[in-house]
Amino acid sequence: MRADRRRPQAGRPRRASGRAGTTRGRPSSGRRAGCCSGQLYPRPRLESFRREELLSWDLDHDAGTLRFLSLVVGDPDVIDELADDLEYVRRYDLTPVDEDTFYGYAEMDHRDPDASLMGAFDVPGLVIVPPIVYTARENVHVTVLGESDAMSRLLDRFPEDIGVEVQRVSEHQRAMETLAGRLTARQFEALEVAHEERYYEVPRSGLLAAVADALECSESTVSTLLRSAEAALVEAAVAR
C-alpha cells in the first residue's frame with residue numbers, strides 16, 4: 001500500500017461528465033470525470049486509464065467531503081501523480097492488486113458539480129446497484145433499480161451537459177449482475193472443466209478433446225459452449 005496522502009481543505013470547480021448506464025453518456029468537452037483521483041483526465045493521460053469500478057461511496061454533508069473506494073485498471077503512477085497535483089483531494093491511498101490493477105481510496109471536497117451529478121440519482125423509489133463503471137471511452141455506466149415512475153423522473157434530473165442513453169430496461173435479476181449469473185449452467189460447467197483441463201493456461205497445455213471427453217460431447221459442441229461463455233464474459237467486462 002502506498003503512503004497515505006493528506007491535504008488541508010481546498011477546492012475548485014469542474015464540469016461533471018458521464019453516462020448513466022444501463023443509462024450512459026459522454027461529455028462534450030472531450031474529457032471525462034475520473035472518480036479515483038476526483039478530477040477530469042486530460043486526453044494524454046486518459047490513455048493510461050482503462051477502467052474504474054466505483055465500489056463504495058459516502059457523502060459527509062457536515063464535513064463537505066466525499067469518500068469512495070474504487071477498483072482501477074490503469075497506470076497507478078499516473079493516478080498517483082494526478083492526485084498529488086489536486087488540492088481538493090484531501091487524502092488518497094492506492095493498494096496494488098497486480099501490475100496494472102489497484103484499489104484506490106480517496107477523500108475529496110464535495111463540490112457543486114459533484115452534488116449536481118450525484119443528486120440526479122436522489123429520487124425516492126430508486127437505488128444505484130454498484131459498481132458504477134467508468135471506461136476509457138469516456139463513458140460512465142450505472143445500473144439503477146426502482147419503480148417505473150422513479151426511472152422516468154431520473155432521466156429528467158441530469159445536468160444539461162450530460163448525455164444519457166438507456167441501454168436496457170428489464171426486471172431485476174441479481175444473479176445477472178455477477179459474471180457467473182450471465183452464463184447458462186452448461187456454459188459454466190464447460191468453463192469449469194476447461195479450467196481443470198488447463199485449457200486456459202498460458203501457454204495453453206490442455207486440449208479441447210480432453211474437455212469434450214470430460215463433458216461427454218463433441219469437440220464442436222464444446223467449442224460452441226466455450227465461445228458463447230467467453231462472449232458473455234467479454235461483454236460483461238467491456239460493455240459494462
As a quick check of understanding, evaluate side chain to side chain contact (heavy atoms under 4.5 Å, CB included) for Leu82 and Tyr92, giving each step before the final call. CA-CA 11 Å; Leu82 288 171; Tyr92 73 96; over 6 Å; no

So, do [X] and [Y] sit near enough that their side-chain heavy atoms are less than 4.5 Å apart?
X      : Y      : answer
Tyr200 : Leu191 : yes
Pro124 : Glu147 : no
Asp84  : Val89  : no
Leu145 : Leu126 : no
Ile132 : Glu53  : no
Leu54  : Pro130 : no
Arg67  : Asp58  : yes
His61  : Leu59  : yes

Do any N or O atoms from the side chain of [X] and from the backbone of [Y] form a donor-acceptor pair under 3.5 angstrom?
X      : Y      : value
Glu197 : Ala194 : no
Ser223 : Glu219 : no
Arg157 : Ala120 : yes
Thr101 : Val97  : no

Would you check, one step at a time, whether the test side chain to side chain contact (heavy atoms under 4.5 Å, CB included) holds for Val211 with Glu196? CA-CA 9 Å; Val211 181; Glu196 292 171 357; over 6 Å; no

Test Asp75 against Asp100 for side chain to side chain contact (heavy atoms under 4.5 Å, CB included), laying out the working first. CA-CA 6 Å; Asp75 187 337; Asp100 60 359; over 6 Å; no

Answer yes when Glu201 and Arg204 have at least one side-chain N-carboxylate O distance shorter than 4.0 Å, and no when they do not.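 Salt bridge flag = no for Arg204 with Glu201.
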
Pair Glu230 + Arg227, salt bridge at N-O below 4.0 Å: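 Here Glu230 does not pair with Arg227 in a salt bridge, since their nearest N and O are not under 4.0 Å apart.
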
Which pair of non-hydrogen atoms, one from [X] and one from [Y], has the smallest distance, and what is that distance?
X      : Y      : answer
Gly125 : Ala150 : O-CB, 3.8 Å
Ala214 : Val193 : CB-CG1, 3.5 Å
Pro131 : Leu55  : CB-CD2, 4.1 Å
Leu94  : Pro76  : CD1-O, 3.7 Å

In this structure, would [X] and [Y] fall into the same cluster of hydrophobic residues linked by side-chain contacts under 4.5 Å?
X      : Y      : answer
Leu155 : Met151 : yes
Tyr103 : Val73  : no
Leu207 : Leu215 : no
Val166 : Ile128 : yes

Point-to-point distance, once rounded to the nearest 0.5 Å, from CG of Asp80 to CZ of Phe102: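 The distance works out to 9.0 Å.
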
Does the ring center of Phe158 lie less than 6.0 Å from the ring center of Phe121?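 Yes.
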
In sequence, state the C-alpha distance, the side-chain angles, and the governing distance for Ser218 and Thr221, and then conclude on side chain to side chain donor-acceptor pair (under 3.5 Å). CA-CA 5 Å; Ser218 67; Thr221 298; 2.9 Å; yes

Give the intermediate values and the outcome of side chain to side chain contact (heavy atoms under 4.5 Å, CB included) for residues Leu225 and Ser228. CA-CA 5 Å; Leu225 283 170; Ser228 298; 6.0 Å; no

Does NZ or CZ of Arg51 lie under 6.0 Å from the centre of the six-membered ring of Tyr134, at an angle within 45° of the ring axis?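 No - Arg51 does not lie over the ring of Tyr134 by the 6.0 Å and 45° rule.
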
Taking atom types as modelled, find out whether Glu52 and Ser70 have a side-chain donor-acceptor pair closer than 3.5 angstrom.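 The answer is yes; a qualifying pair exists.
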
